[in-house]
Amino acid sequence: METYATALLYAIPFFVGLVLFEVLYGYWVKNQKHNVMDTVSSLSSGLTNVVKDSLGLGVVLVTYPYLLKHLALTQINTTWLVWVLGFLALDFAGYWNHRLSHRINFFWNQHVIHHSSEEFNLACALRQSISNLLVYFPLLLLPAALLGIPHKVVAILGPLHLFAQFWYHTQHIGKMGWLEYVIITPSQHRVHHAINPEYIDKNLGQIFSFWDRMFGTFQEELDDVPPQYGVLKPASTWNPILINFQHIWRLIKDAWRTRSVLDKFRIWFMPTGWRPEDVKEKYPIAIIDNVYNFEKYRPLASKSLKAYSIFQLLGNTALMLFMFYNYSNIGFQGLLWFGAFIFIGIFGYTALMDRAKYAVWVEILRSVAGLALIYTTGDWFGLNTYLYFGSTVVAMYFVVTIIGGIYFTYGEKTSTATGEPAL
């Protein structure tokens, strides 16, 4: 996990830099695909995901080394062939994992966050799950295990395979000629993120597009069908932690409410969106029926709230980067506490972006706890070792957070807020 945290120290600034470049490019060509609150929500979701993954939180059904030890039929020694087959095996497993996530009710919960943005841009690529606590992906690597592809190869290729899926989340690149037949392109992935009936559950590949053509899930982007983005049951919140668990909470409620014992069990494994008939009639859920005419989530937000949201995003990003930088010295228990401060912080300021009344109390309680920790230990997880006034800076951040939470809940007049969509 420490190696993964070190890799993120370099990857996160790179990804954020590309998002900023896309924002600036949108201004330059007068075709902006970002708005402040949506982009802050997307980047905040990325923070929750990397913190969760860096802590190794989850229940692993079976590990790849275990499969490799017990199932390998051969061992490939040719260096270049190992890496090529390893990457193909990862992509094949990724396709089927992706397909399961789109087709099965229970698995959709781990993927819905990625589709929840009603925009399509590089930032939404960072909307990654924290609800995938049941780790079953190694089971899909069975072909790699049978071929005897070493665990080290899979471990190195895994992050590279994931990071390579970032670039095609953009509307600024058109179709790419013959490459459309080989790799997943922005055009194909726009189709994948669209909620148009023609596009739903299509283009499930991650790097190579030939899996979709082989297994019947390919759909070209049509000139007369402009993609519309989001999910058919809108998230209606900027809070990525809430989005991560919305779907499974609906499943739990439906399973509890239905009278059918069979439906209580099968709801988890039915096609995505399936609900028991008795529950569907008594507890209807709003679903977008006209993808070209629905109101995007745009709660009123003043320029000062937008600026404050960006400040909180940057503040929590800085805290997280220090956590990764000092990973081994903080210790596992300390990392859990540090991660909790980041998670609660993201929950608090994104709830404030939603104008939720309880957000101020989340902000105050977290900040008071942070100030108490600094007062009792005289430090912030060892930050003073690198910056002698570091804990003072963090204490000032918590004070600003308390003030901001109170001001945006009770002090700012709603008449100063706007719902403009662009950055």
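Treat the numbers as computed from the prediction; the structure is a model and nothing was measured.
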### Task
From the options I130, I252, V112, select the one residue that forms a side-chain contact (heavy atoms from CB on, under 4.5 Å) with F245.
I130

Would you name the heavy atoms of [X] and [Y] that are closest together and state the gap between them?
X    : Y    : result
L47  : T317 : CD1-OG1, 3.5 Å
Y136 : S101 : OH-OG, 4.4 Å
I248 : F106 : CD1-CE1, 3.9 Å
F137 : A93  : CZ-CB, 3.6 Å
L141 : A89  : CD2-O, 4.0 Å
Y199 : L222 : OH-N, 2.9 Å

Main chain of [Y], side chain of [X]: is a donor-acceptor contact present, judged purely on distance under 3.5 Å?
X    : Y    : answer
N239 : I241 : yes
T48  : S45  : yes
Q246 : A235 : yes
K264 : T258 : yes
T170 : I173 : no
N121 : A123 : yes
N203 : Q219 : yes
Q165 : H161 : yes
Q228 : P226 : yes
N326 : F381 : yes

### Task
Answer yes when R355 and E412 have at least one side-chain N-carboxylate O distance shorter than 4.0 Å, and no when they do not.
yes

### Message
Evaluate H34 against E119 for side chain to side chain donor-acceptor pair (under 3.5 Å), listing each step before the verdict.
### Response
CA-CA 7 Å; H34 288 260; E119 310 298 332; over 6 Å; no

### Query
Between F163 and F14, does a ring-ring contact (aromatic ring centres under 6.0 Å, His included) hold up when you go through it step by step?
CA-CA 11 Å; F163 296 161; F14 177 72; 9.1 Å; no

### Message
Applying side-chain contact (heavy atoms from CB on, under 4.5 Å), can you list everything that pairs with V84, at least two apart in sequence or on another chain?
### Response
W80, L88

## Note on the structure
Residue pairs passing the ring-ring contact (aromatic ring centres under 6.0 Å, His included) test with at least one member in residues 258-307, sequence neighbours excluded, are W238-Y297

### Message
Applying ring-ring contact (aromatic ring centres under 6.0 Å, His included) as the test, list every pair that has at least one member in residues 174-193; sequence neighbours left out.
### Response
H98-H192, H102-H192, H114-H193, H115-H192, H115-H193, F120-H193, Y168-H189, H169-H189, H169-H193, H189-H192, H189-H193

As an exercise, state the distance from [atom1] of [X] to [atom2] of [Y], rounded to the nearest 0.5 Å.
X    : Y    : atom1 : atom2 : answer
H247 : S116 : NE2   : OG    : 13.5 Å
L204 : T217 : CG    : OG1   : 4.5 Å
N97  : Y95  : CG    : OH    : 12.0 Å
Y407 : S304 : OH    : OG    : 5.0 Å
L133 : N244 : CG    : CG    : 9.0 Å
M37  : S44  : CE    : OG    : 10.0 Å

With sequence neighbours excluded, what pairs up with [X] under the side chain to side chain donor-acceptor pair (under 3.5 Å) test?
X    : answer
N31  : K33
R266 : D263
T272 : none

State which residues pass salt bridge (charged side-chain N to carboxylate O under 4.0 Å, His left out) with [X]; sequence neighbours excluded, sorted by chain then number.
X    : result
E281 : none
K152 : none
R275 : D254
R366 : none

Under 3.5 Å, is there a donor-acceptor pair linking the side chains of [X] and [Y]?
X    : Y    : value
E180 : S209 : no
S131 : S129 : yes
T185 : S187 : no
T401 : E363 : no
Y397 : N316 : yes

### Message
Quick check on K253: does its NZ atom have over 12 non-hydrogen neighbours (other residues, nucleotides or ligands) under 6.0 Å away?
### Response
yes

### Task
Tell me, yes or no, whether the heavy-atom count around F21 atom CZ, taken from other residues, nucleotides or ligands under 6.0 Å, exceeds 12.
no

Give the ring-plane orientation class for [X] versus [Y], where under 30° counts as parallel, over 60° as perpendicular and anything between as tilted.
X    : Y    : answer
Y25  : H172 : perpendicular
F92  : W96  : perpendicular
Y308 : F311 : tilted

### Message
Within the structure provided, determine whether I364 and I406 are in side-chain contact (heavy-atom separation under 4.5 Å).
### Response
yes

### Task
Decide yes or no for P271 and N105: does some side-chain heavy atom of the first lie under 4.5 Å from some side-chain heavy atom of the second?
no

### Residue pairs, two or more places apart or on separate chains, that pass salt bridge (charged side-chain N to carboxylate O under 4.0 Å, His left out) and touch residues 129-144
none

### Task
Could you list the residues that satisfy ring pair (Phe, Tyr, Trp, His ring centres under 6.0 Å) with W256, not counting sequence neighbours?
none

### Query
How about W380 and F398: are their ring centres within less than 6.0 Å of each other?
yes

